[in-house]
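Working notes, beginning with the structure itself.
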Amino acid sequence: MALIKCHECGGQISDHAKNCSQCGAPVIATIKRKQKAALIGFGVRLGFAAIFAIIIWITFHRFMDKAMAPLKAMHQQQQSH
Ligand SMILES: [Zn+2]
């Protein structure tokens, strides 16, 4: 038996109870809201992770282009001779 916070009054209610003992709000609504919030939180974190990965990918490619530029120039010089 776990205590959860009622979304209506903020009171502590048992997740086994059907309704909040203080305001009568259905506990299932609180649980569903909690699950939805957790899902949204997961989506936001996934989005941030994707953005972070893209930034790293772009930075890495820019760095590689800079690092490879002298090598490419050398390679082109060797080919022209
Ligand atoms: Zn309540």
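Each ligand, and each atom within it, is numbered from 1 in the order the structure gives. The chain is numbered in sequence order, starting from 1.
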Q) If you look only at pairs with a residue in residues 33-60, which of them pass as a side chain to side chain donor-acceptor pair (under 3.5 Å), with sequence neighbours excluded? A) Trp57-His61
Q. Leaving out waters, which are not shown anyway, how many protein N, O or S atoms lie closer than 2.8 Å to the Zn ion (ligand 1)?
A. 4
Q | Qualifying side chain to side chain donor-acceptor pair (under 3.5 Å) pairs, either residue in residues 1-30, two or more places apart | A | His7-Thr30
Q. Got a second to check how far Gln76's CD is from Gln78's CD, nearest 0.5 Å?
A. 11.0 Å
Q: Report the distance from atom CD1 of Ile56 to atom CZ of Phe52, rounding to the nearest 0.5 Å.
A: 4.0 Å
(Q) Test side-chain contact (heavy atoms from CB on, under 4.5 Å) on Leu3 and Ile13; report intermediate values, then the result. (A) CA-CA 5 Å; Leu3 285 172; Ile13 42 169; 5.8 Å; no
**Q.** side-chain contact (heavy atoms from CB on, under 4.5 Å) involving Ile58 - partner list, sequence neighbours excluded
**A.** Ile54, Arg62
